[in-house]
**Q** 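My structure is below; once you've seen it, I'll send some questions.
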Amino acid sequence: MVRVTTPGVRLLPNAITVLALCAGLSAVQFALTRNYAMAIASIGIAAVLDSLDGRIARLLDATSKMGAELDSLSDGISFGVAPALVIYVWQTGADRIGWVASLIFAVCMILRLARFNTLLDDTEQPPYASEFFVGVPAPAGGLLGMLPLVAYLQWGEGWWSSQYVVWAWTVAIAALLISRIPTLSLKTVKAPPKAIAPLLLGVALLAAAIIQFPLVALLAAMVLYLAHIPYSIYRHRWLAAHPEAWTVPPSERRAIRRARSTRRLGLRRPLRRRVAGAAMRAVRLPRETARVPRLTSENGNGQRRRSWRRIGLRRK
């Protein structure tokens, strides 16, 4: 079945990308008026719109070369230039070091997006490569760069709002952007049918938390994202070392992992009706077909008498 899309429908993903660009640039205007809460919200809205435009384009079969280029330019401005300027405006009276840190963040974001575009045409990647990003993705990096500002709005002045801490954090996030650290991609995550109801409940709880405690929810989300990086590195290395798990579903991957861990520890199923270890020499459970040793013996007259030596006792 051939899907026919009208020109108006094909423009919808690009329109969403332009809205994300406008939201990201509006964060700078809010920062100039000292409305930092709206500046953070604008970048958050840009991140949500950025996650929708590509999915809608693939769903409507409206992908295009122009849309891909527009999406990269929008991400560079919304998550690279805008957060750097917001942080710089927030640090009133910042010296030249602050401007250098802002430039480093913006340039690293552009480099990260350029590398992402080149990896799209790489056909030599292993099958599991689509499950990971190379480095921190642009929306997550833009929000992580504003973590000190979010903490300042929530708790006020502190060590997290110090200029040197803020600029060191900005440079550290910039390094994560251009790093080779693998991070999980939510685009390839598939939920089983049994998990749909709990996931919907989790979405409702998350929405309630964002409405009631927006800054705390954003801080918790960013901290959890940073905490997932070690697991992502472990999972990437495990998949690279186990080619047999590249094309199997997650349930079979867990079975392979359990089998490998059991074999590595040298464990095996216990033998039936036997006692392991040093106790095996002292205790033996009777088998069904084994004879129980008799504690009595017959004398010459055919009468049974006790064998004290057999049971290890002495006569008095």
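What you see is a predicted model; the values in this text were computed from it and never measured.
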**Q** Taking the six-membered ring where the residue is Trp, are the ring centres of Tyr152 and Trp160 under 6.0 Å apart?
**A**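 Not close enough - the centres of the two rings lie 6.0 Å or further apart.
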
**Q** If Ile, Leu, Val, Met, Phe, Trp and Tyr residues are connected whenever their side-chain heavy atoms lie under 4.5 Å apart, and connections chain through other members, are Ile87 and Leu144 in the same group?
**A**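 Cluster IDs for Ile87 and Leu144 match.
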
**Q** Assign the ring pair Phe132 / His236 to parallel, tilted or perpendicular, where the plane angle (0 to 90°) is split at 30° and 60°.
**A**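 It falls in the perpendicular class, over 60°.
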
**Q** Which pairs of donor and acceptor atoms, one on a side chain in residues 202-221, lie under 3.5 Å apart (sequence neighbours left out)?
**A**
none

**Q** Quick one: do Leu199 and Val48 end up in the same hydrophobic cluster if we chain Ile, Leu, Val, Met, Phe, Trp and Tyr together by side-chain heavy atoms under 4.5 Å apart?
**A**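 No, Leu199 and Val48 fall in different hydrophobic clusters.
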
**Q** Do Met109 and Val28 share a hydrophobic cluster, counting only Ile, Leu, Val, Met, Phe, Trp and Tyr and linking them when any side-chain heavy atoms are less than 4.5 Å apart?
**A**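 Both belong to a single hydrophobic cluster.
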
**Q** Hey, is OH on Tyr225 packed in by over 12 heavy atoms from elsewhere, all under 6.0 Å?
**A**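 Enclosed: over 12 neighbouring heavy atoms sit under 6.0 Å from OH of Tyr225.
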
**Q** Quick one: do Val171 and Leu177 end up in the same hydrophobic cluster if we chain Ile, Leu, Val, Met, Phe, Trp and Tyr together by side-chain heavy atoms under 4.5 Å apart?
**A**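 Result: no, two separate clusters.
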
**Q** Under 30°, 30 to 60°, or over 60°: which ring-plane class applies to Phe116 and Phe133, parallel, tilted or perpendicular?
**A**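 Tilted: the ring planes of Phe116 and Phe133 meet at 30° to 60°.
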
**Q** Running the 4.5 Å side-chain criterion over Ile, Leu, Val, Met, Phe, Trp and Tyr, what cluster does Leu119 land in, apart from itself?
**A**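 Via sub-4.5 Å side-chain contacts, Leu119 links to Val134.
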
**Q** Please answer: with hydrophobic residues joined when any side-chain heavy atoms are less than 4.5 Å apart, are Ile77 and Ile178 in the same cluster?
**A**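 Looking at the clustering, Ile178 is in a separate group from Ile77.
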
**Q** Roughly how far, to the nearest 0.5 Å, is the CG atom of Leu224 from the CD1 atom of Ile229?
**A**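 With rounding to 0.5 Å, CD1 (Ile229) is 12.0 Å from CG (Leu224).
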
**Q** For Arg115, I'd like to know if atom CZ has over 12 heavy atoms of other residues, nucleotides or ligands within 6.0 Å.
**A**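 Count over threshold, so yes.
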
